[in-house]
Every structure is written in C-alpha cells, then in structure tokens.
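Order of the sequence lines sets the chain letters (A, B, ...), proteins ahead of strands, with each chain counted from 1.
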Amino acid sequence: MRWAASTVGTCDRASTHVAITLSILLEQTSMTRNVPNKPSLDGLEAKWDERWEEAGTYRFDRSKKRDEIFAIDTPPPTVSGSLHMGSVFGYVQTDTHARYRRMAGKEVFYPMGWDDNGLPTERRVQNYYGVSCDPGLPYDSDFNPPEETHDPVISISRRNFIELCHLLTQEDEKIFELLWRTLGLSVDWKQSYATIDAHSQRTSQKMFLRNLARGEAYSQEAPVLWDVDFQSAVAQAELEDREKGGAYHKIAFHKPDGEPIYIETSRPELICSCVALVAHAEDERYQPLFGSTVSSPLFGVEVPVVAHELADPEKGTGVAMICTFGDTTDVTWWRELELPTRAVIQHNGRFQSEPPEWLSKDGADVYAELAGLFPNQARRKMAELLAESGDLDGEPKQIMHQVKFYEKGDRPLEIVTSRQWYIRNGGRDDDLRKELLIRGENLDWIPDFMGIRYQHWVDGLNGDWLISRQRFFGVPIPLWYRLDETGAIEYESPLIPNEDDLPIDPSSHVPIGFKESQRGQPGGFAGDPDIMDTWATSSLTPQIAGHWDNDPDLWERVFPMDIRPQGPEIIRTWLFSSTVRAHFEHGVLPWQTATINGWILDPDRKKMSKSKDNVVTPLPLIEEYGSEAVRYWACNGRPGVDTALDYGVMKIGRRLAIKLLNGARFALGFSDSDVDVSAITEPLDRSMLAGLAETVDRATNAFEAYDYTRALEAAEKSFWAWTDDYLELVKTRAYGEGPTATSAHAALQLALSVYLRLFAPFLPFVTEEVWSWWRDGSVHRAAWPSADEFARAASDSRVLESVSNVLGSVRRAKSDAKVSMRAEVNRLYVTGSAEEVELIQQGAGDLREAARATEILYSDGEFSVESELADSSS
RNA sequence: GGGCGUUUAGCUCAGUUGGCUAGAGCACUGCCCUUACAAGGCAGGGGUCGGCGGUUCGAGUCCGUCAACGCCCACCA
C-alpha cells in the first residue's frame, strides 16, 4: 500500500465549515467526523446487518478469476436440529477467515445452505404437528396442519406429509438466518440453497446417475442394519454404540445322544433363528462336534456345529449360536460359512405372526408364544419357556454391553435382509480404499491431527456406503424398474431418466416409453420407492453451491474450493462422502484445506447434548452479552480444541468492544480532519507504530496459518498496551498544539485505522461503527493492514517499551503510597544502561507529563526507577 | 481392546524448533471519580506446570510409563 495524500473538500451546511482532509489510504476519502459523545454497542447488530445487505458488502463478484477467489464450502446446518452454542462456535470461526481473506484482497465465495431433508425433519414434523406419514393414504388437498400438536397422532398422506416438511423447514430456516445475521456472518445471502430444493435434487440425482453409469453405485439384496421405529436401513457412518443393560442366558442345545451343549447368549429370543453353533477350530472342547448337528432347545431344529476363527474360546462357553441375524458377527459367519437364512423379525421390529416353515409342528406351537412380540418381550418369554423346559442353566447373568443404535434412534438396531442402493467407498475394494486414503493425506488438515480420524475411518470401513432410505422427505432415487409378466420387479436393469429431465420423482413421473397407466401393472413399471440418505446430497455441497450442473462458468471460478470448515464428528460422514463423490466425478479433492472446529463443552466441561439437558441457546446469550462478545468467545476457542462455554470470556469480549469505541473517541477527538503520515515525527509515536507493525505481521502470519485465535491475541495484546500506556503517555501532548501535537494526532489516527482493521474479522459491528465515524465505505472491504503501509513512519519499538516500563514503576510507587495516579513526582530517578537511558530520553517529555514528574534524573547502572513523590514523606 | 486429544494459578486459557526468578484475563485484595472509557483505570497476592522415571549443562517444553477426562473406532456370542 502506498502512502498518498489527497485533498478533498466536504461541505458541512450547518457550519459552512470546509474541512480540508488528507486521506491515509488512497482509495478512502475522509469526511467530516461524526463521533458520538456516548458511543454504545446497543443496536449495532441490526443497524449494520441492514446496511451491509443494502450495500451488498458481502456480495460475491463472480467476474473474478479462480486465483482471486477464496471459496468456502459452508456446512449447511440441519435446520430441524436445535439451536445451540455449537451452531455458533464453528460458524463464527469460519467467518473470521472469510473476513480476513476478503480484506486481504480475495473475493470470497461464502454461500449458506440449509440441510432440511431427511429424518430429523420428518421426526420434527411428526412431533411438532402430531402427524405420521402413511404412504397408503390419498392426498388431501384441503388438509391444514393442526394449530397445536395433535394427540392422538393424525395419519396423513405422503404428499401432505412432505408439504408439512417444507412448511416447517422454511420457518426453521428463518430462525437460523436471523441467528447468522445477528452474529454477523459475512455470507452472501444471494448464494443460498436448501438440500431439498430442486437445484440440490437435480445435482444429487445427476451425480447418482453418473455414479450408476460408471458402476460406482449398485443395488443389492443383503442384510442391513435396520431401525425398527423409522423402518429404514441405516449406514455404518450413522451408527452409535450405547451402553445397555442385558443378560447372558446359558442355554442347553442337545447333542444327538441327548447330552447338553451350553451356549451363552444375550438374545435367547433368536433361538428359533439359529442356523448353526460355532466354535474356534482349535478349541479342543468342541473339535469332536465339528461336522455333527445338535438340536435347538424347545424348537428341536437340527443345526450344524461349525468352526470359524472369529469364535473366541474365552467368551462365554466358547461356543456361540449363529442366528440370522442377531448382530454383525452373525452376518459375517452367515456369509463366510454360507449358512441358510432363517429370519423372523419383520421390518416393523416384531416377530412375524406366522410360524416359520423350518419349524416342526411342536416348534410352531412354541413359536406361537413369540408371534407378534418385540424382541425384548420375546426375550422374557423365551427365558420363561427355557426355564420351564430346564434348558436354561441358572439365572440369566445381568451385564452392561455396547449395543448398536442408529444415532437418531431410540431402540437397538435389528438386522434385516432387504434390497438397498450402495455407493462404493473403498469398504470392499482395497485399491479404491488406498486412493481415498491418499486424498486424505493430500488434504491440509487444520489442526493436522484431525487427518488421523479420516485415515482411521477409511481403514475401518467394512462395507460400501448404503445410501437408500425407506423414508419420505428427501431426494428420491431417480429410477424405475420394469415389471415382468407376473408383476415382479426386475432390479437388474433399471429405467433411467434423462439428465435434462431431473429432478424427477419416480412415484409421480413416468419413465420414457411408458404411460402412467402402466404403473404397477405386469409388463409395466414401478418407481423406486426410496429416497437417498441426506449425506448422499450434502456430500455434494461444493457442486450444489458452485452450480456444477448448470453454471460451468461459476463452477470454474470456485472449484475446487479453498476450505471446508466443519465439526470433527462428521469427518466420517460429510467430509469423507464429499471426498468420495469428488474423487469419482472430478478426480480431485473438493477443497485444499479442511478446518475442523472443536466441541463445545458446558461450563462443567461436559459435552453439550440434547439428552443431557444442558443445551444453551445462543440468542438469549447474544441479547445479554452482544454479538461481539459471543464472537469473541468463539474466537478464543483454538482451532480443533474443545472449548467450554465461558461467560467470563464473553464479558471480556464486550469490554474490548466498548474499549474500541472509547479509544476511538479519544483518537479522533482532536481535529476534524485527517493528518498526513508525514507529520508523525515524535520518537514515541514512531516507536508505537513500529510495535504496531510487528503486531500486524504476527496477526497476518497467524491468519495465513488459519489460526484466528493467535491473530486475535496479537491484536488484543497490542491494543490494550496501546490504550493503557501509549494513550496515557501521549495524552498531554495531544491536547496541546504545534507539530508535536500534530504528530500525536496523526499517529493516533493511523493506529486506530490499523486496529479497526485488525479487529474487523472478530468484531465486525463495532469496527464498522467506528470506521463509519470517519471513513467512507466498509471496513470489511478495506485493505488488510500491512506493515509496509506505515514503514516510513515507524522507528524503534523499544522506545515505547522502555518508557512504558518506567511509567509502570512510577504507577507502582504511587499505588504503594496509596496516592492518586495524578500525584506529583518531584524527581524521577532512572538508572539504566547507556542504551536504555538513550531510549527513555527519546520519550522523556511524554513520560514527564504522564508520570507528573517535575524532572527526570538519569544515572548509569542496573535498571531501576525511583519516584520521589511530592506529598510523600516516606 | 486400538487410536486421537486434553491435563499449567480458585476459574478459562497462553507458553511455536528445550534456555533468564512460568504468563494473561476472570475472580480476589488494595488504591484512584484521571477532561476516551467507573459497563473504567492502576497496582498486588496467588502455581511442587496430572504422577513417576529418563535424556540434557538446563525440561512446562523431548522420551518412556501410569492416571484422569473427552472424542473416535473395534466382530457387542
């Protein structure tokens, strides 16, 4: 930045005063100052949010080229989720990067999306209105949502249900947008999207079809983890282990000679699904039994005893029951040992009502006791029956064990067999797994240890990505299937829509070459009833926001993006799935850098979660402390570090913002016009600027390394020293006249301009407010300060440091003597090396005034300061 | 069972290649209504840097080990 003086006349009609102003920055003209007497933070959020929107301050200029653009792949918040401080934390941190890059000369592409499709919305709609979706019902065009939560629940059609989902998410989006605006996120609101909108659906379906065409997507009938409440398959990435009470039941199977062989199981209700017993091949206890059969208790089904390395001789009795399916190990055994399938649990989680065909007449009678029950009910029933028959050895042993849950579910997952769509992710393909691991290595992780989580996740994948969900509110799988002459679905060659026709809903659109009347008819077609998992769409946020499918010009300017900011818990889902999609379609990483924020902990350092009832909602906090304070707190959480909610930190942020107002009022209070930098001649002033230049370098380097906290720290530390020491030292001189006063005025103004810009990424409202007192345009479009800007006005930062040091000693002496800081000092004795004395003497005039010392006497020696107070006898 | 992170003052946290008597803010105590700021200023007290062991002239910092807390993962019979 070059220094230049320009002369601009502005006419103030009231006073006919013509101010000749000199601008510090070439691009920014100055105007008559409008410094309020009692500056306040109140109302700044609403005031500036409105003006920024009017002025288009954060509007993205798409005429810029890729290397002039900084593109952010903003996380679309789940609008149906609750608002909590975690929502604030990461977004504010990202906003500091956006604001820094914008000031540093980049055009920032900072869109906002809303993640509204999927289960969270459905569940919220069900609870909010008291409705449930029954796809069998016809659409009711006159249906109006109940005013209050309806009890009992009303069943409504799928289309009515989806309409309610749209209605409620739009309301939720407004609440989120209000929060983001109040917090001062510098997003371009013209670049927003929702994951359920037509554009997102088109992008999602188009990418799916591309994956299908290349063989990266496929469907398969297989056992899947199943949530019985939502009645949908769930993916590996959505699992959560929860500690749950259970009981080991020691149960006798019977060898051909009638002798018992004991197994231990926590799921005795699945004995009717047993297909084999399994033990380790080297377990001598069971070796004689391999190849023979044993019969199950109560049901008398003959099952083979087989060997497999996963059977652990140390666990239970060393021999386990294999059922189809009790857990994921059963699935492994079933697949690898090619065992039959004997499933009894239905998609609704209940035992099927008809006795299964592999049971004898007697077995069917036993089964009748279980028919229609849920597993936990059947478990108790089986325990009773086994106890009666004498096949239960002793009392069940109560245990706590980890059970797999859907992360949003309430009951343990079951395993059912069904046809689902998958996208390859390396879980069954080592070459692809390696390629994706390399993508992860090539991504810049902030902080870098987060990359290990990605690596572990990819290493631990045990299957492809299950993307189909048996739900309603989401992006439909864009396929139909032919029906053969008997009406059976031919899954192998789906009917595919044209890309140009997307988005489509196969339940209402008709495949090419068919008529609606052929729907569901033999020889006709059937639409795929499923929707895609929400991640299958949100894995495409770069493509959606960058308009990959319909705006190649924009796409070229923003992709691959610069940063993906997100939380650590969705590395396995959002980050990984985005990497997979970009890898397949574009052959690149979707972004250069991933910035991972930490967790929010409540003040007791417990993770905040809805179930713990310790969620703090942001808006009341913003009302109490102000946006700047809440932002300041968020910016004090270092990258990737778990951070406790701390109201003390917020108060400090608020104090900093108020200090900026007051410091600015002082700095701008001496003249109505800007003073040229060449007027800065006094050593103390030049020294202050030298120190400020160092601060600018520190903050800039920190931001370049994505360390907003360090940038804030540097600015803050420097600013408090500026107000506490420099302002006190320069005060008397600044109130005077002549060149030494003018030097102070110019230095104060320049420093203020720099501080406002250093703080702008963190405290956008108050910095903009102060900027508006004396500058045109927005501070958020002003140039990030560079030390070059004032290099010629700066000298040796040690002058101010040394003088401040002496002033500190004088203050200590006055404090010890319990006198006012304004108390006179007759003589101030400063001892120091020749060099120290020389530095102090450069600021001696200001020091004498600030210390109220009549004279300062210097001597050579170890540094010390003695103050001879005027009124003090001691 | 495996991995990652954290552990420094009563609280929240700095302490970047090992280097002067370990820092900040809050809280606490004392003083000061000083013409930017009393929703303020100035000053002060306060720490065996989680434990143990090691490397080194020197360790909050490096190595080993243990512990607590948080998170992630694991085939949970």
Asker: Could you check which of B:rC32, B:rC26, B:rC37 has an atom nearest any side-chain atom of A:Asn662?
Answerer: B:rC37

Asker: Nearest whole Å is fine: how far is B:rA14 C1' from A:Glu713 CD?
Answerer: 6 Å

Asker: Can you tell me if the side-chain N/O atoms of A:His249 get under 4.0 Å from OP1 or OP2 in B:rA77?
Answerer: no

Asker: Nearest to the side chain of A:Arg822 - B:rU35, B:rC42, B:rA74?
Answerer: B:rU35

Asker: Reckon A:Lys404 touches a base, only the sugar-phosphate, or nothing at all at heavy-atom distances under 4.0 Å?
Answerer: base

Asker: I want to check something: taking the side chain as every heavy atom from C-beta on, are A:Phe576 and A:Asn425 in contact at a cut-off of under 4.5 Å?
Answerer: yes

Asker: Using a cut-off of 4.0 Å on non-hydrogen atoms, how would the nucleic acid contact of A:Asp724 be classed: base, sugar-phosphate, or nothing?
Answerer: sugar-phosphate

Asker: Nearest to the A:Leu310 side chain among B:rC75, B:rA39, B:rC73, which nucleotide is it?
Answerer: B:rC75

Asker: Mind checking A:Thr709 for me? I need base, sugar-phosphate or nothing, with any heavy atom below 4.0 Å counting as a touch.
Answerer: nothing

Asker: Please report the distance separating the P of B:rC71 from the corresponding atom of B:rG30, rounded so that it comes out in whole Å.
Answerer: 42 Å

Asker: Given B:rC71, B:rU12, B:rA74, identify the nucleotide with an atom nearest to the side chain of A:Asp241.
Answerer: B:rA74

Asker: Applying a 4.0 Å non-hydrogen cut-off, can you work out what A:Gly663 is touching in the nucleic acid: base, sugar-phosphate, or nothing?
Answerer: base

Asker: I'd like the P distance from B:rA27 over to B:rU65, given in whole Å.
Answerer: 43 Å

Asker: Return the value, rounded to whole Å, for the distance between atom CG of A:Asp816 and atom P of B:rU29.
Answerer: 19 Å

Asker: Could you check how far CZ of A:Arg665 sits from C1' of B:rG40, rounded to whole Å?
Answerer: 14 Å

Asker: Name the one of A:Phe719, A:Phe765, A:Tyr632 that satisfies ring pair (Phe, Tyr, Trp, His ring centres under 6.0 Å) with A:Phe759?
Answerer: A:Phe719

Asker: When all nucleic acid strands are considered with a 4.0 Å heavy-atom cut-off, which category describes A:Ala311: base, sugar-phosphate, or nothing?
Answerer: base

Asker: C1' atom, B:rU61 versus B:rU8: distance in rounded Å?
Answerer: 12 Å

Asker: Under a 3.5 Å cut-off for both contacts, is B:rA59 paired Watson-Crick or G-U wobble with anything, and if yes, with which nucleotide?
Answerer: none

Asker: Within the 4.0 Å heavy-atom criterion, would you say A:Leu727 contacts the bases, only the backbone, or no part of the nucleic acid?
Answerer: base

Asker: Whether the side chain of A:Glu694 engages the backbone of A:Gly691 through a donor-acceptor N/O pair (distance < 3.5 Å, no angle test) should be reported.
Answerer: no

Asker: Give A:Lys731 one of three labels, base, sugar-phosphate or nothing, depending on what nucleic acid heavy atoms sit under 4.0 Å from its own.
Answerer: base

Asker: Nearest whole angstrom, please: distance from the P of B:rC32 to the CZ of A:Arg852.
Answerer: 16 Å

Asker: Do A:Tyr248 and A:Glu264 pair up side chain to side chain, a donor and an acceptor below 3.5 Å, judged on atom types alone?
Answerer: no

Asker: Which part of the nucleic acid does A:Trp722 contact within heavy-atom distance under 4.0 Å: base, sugar-phosphate only, or nothing?
Answerer: nothing

Asker: Looking at A:Ser815 and B:rG30, is any side-chain donor or acceptor paired with a base atom of the opposite kind under 3.5 Å?
Answerer: yes

Asker: Quick one, A:Asp685 with A:Tyr726, criterion side-chain hydrogen bond (donor to acceptor under 3.5 Å, both in side chains). Give me CA distance, side-chain angles, the key distance, then yes/no.
Answerer: CA-CA 8 Å; A:Asp685 301 336; A:Tyr726 176 73; 2.6 Å; yes

Asker: Rounded to whole angstrom, note down the C1' distance from B:rG50 over to B:rA59.
Answerer: 16 Å

Asker: Tell me whether the OP1 or OP2 atom of B:rA14 has a side-chain N or O from A:Arg710 closer than 4.0 Å.
Answerer: no

Asker: Using the side-chain heavy atoms of A:Glu264, tell me which of these nucleotides is nearest: B:rC73, B:rA39, B:rA77.
Answerer: B:rA77

Asker: Can you confirm whether the side chains of A:Tyr755 and A:Ser718 place a donor and an acceptor under 3.5 Å from each other?
Answerer: yes

Asker: Taking the six-membered ring of A:Tyr262 as reference, does the cationic atom of A:Lys250 (NZ for Lys, CZ for Arg) lie under 6.0 Å from its centre and within 45° of its axis?
Answerer: yes

Asker: Which nucleotide in the list B:rA43, B:rG70, B:rA77 gets nearest to the side chain of A:Arg811?
Answerer: B:rA43

Asker: Which part of the nucleic acid, if any, lies within reach of A:Lys659 when heavy atoms closer than 4.0 Å are counted: base, sugar-phosphate only, or nothing?
Answerer: base

Asker: When the C1' atoms of B:rC28 and B:rU34 are considered, how many whole Å apart are they?
Answerer: 25 Å

Asker: Say you pick atom C1' in B:rG46 and the same atom in B:rC11; how far apart are they, in whole Å?
Answerer: 13 Å

Asker: Using atom P in both nucleotides, what's the gap between B:rG60 and B:rU16 to the nearest angstrom?
Answerer: 12 Å

Asker: Look at the side-chain N and O atoms of A:Arg655 and state whether any lies under 4.0 Å from the OP1 or OP2 oxygen of B:rG41.
Answerer: yes

Asker: Would you measure the distance from the P atom in B:rA74 across to the matching atom in B:rC66 and give it in whole Å?
Answerer: 25 Å

Asker: Between the main-chain N or O of A:Val458 and the side-chain N or O of A:Arg433, is there a donor-acceptor pair closer than 3.5 Å?
Answerer: yes

Asker: Looking at B:rA74, I'd like to know if its phosphate oxygens (OP1 or OP2) sit under 4.0 Å from a side-chain N or O belonging to A:Gln236.
Answerer: yes

Asker: Taking the side chain of A:Glu728 as heavy atoms from C-beta outward, which of B:rC37, B:rG25, B:rA77 is closest to it?
Answerer: B:rC37

Asker: Is NZ or CZ of A:Arg242 both nearer than 6.0 Å to the six-membered ring centre of A:Phe405 and within 45° of the ring axis?
Answerer: yes

Asker: Starting at CG of A:Asn636 and ending at P of B:rC11, how long is that distance when rounded to a whole Å?
Answerer: 18 Å

Asker: Output the single nucleotide from B:rA39, B:rA77, B:rC72 whose closest atom is nearest the side chain of A:Tyr248.
Answerer: B:rA77

Asker: Please report the distance, rounded to the nearest Å, between OH in A:Tyr632 and P in B:rA14.
Answerer: 12 Å

Asker: Please determine, for the side chain of A:Ile452, which listed nucleotide (B:rC26, B:rG3, B:rC42) has the closest atom?
Answerer: B:rG3

Asker: Starting from P on B:rG5, measure out to CG on A:Asp448 and report it in whole angstrom.
Answerer: 9 Å

Asker: Please work out which residues in residues 323-337 of chain A have a non-hydrogen atom less than 4.0 Å from an atom of RNA chain B and list them by number.
Answerer: A:Thr328, A:Thr329

Asker: Whole angstroms only, please: what is the NZ-P distance between A:Lys315 and B:rA77?
Answerer: 6 Å

Asker: Would you confirm whether A:Thr324, through its side chain, and A:Arg342, through its main-chain N or O, come within 3.5 Å as a donor-acceptor pair?
Answerer: yes

Asker: Name the closest nucleotide to the A:Asn462 side chain, picking from B:rC75, B:rA77, B:rG30.
Answerer: B:rC75

Asker: Can a donor-acceptor pair be found, under 3.5 Å and without considering hydrogens, that links the side chain of A:Asn701 to the backbone of A:Asp697?
Answerer: yes

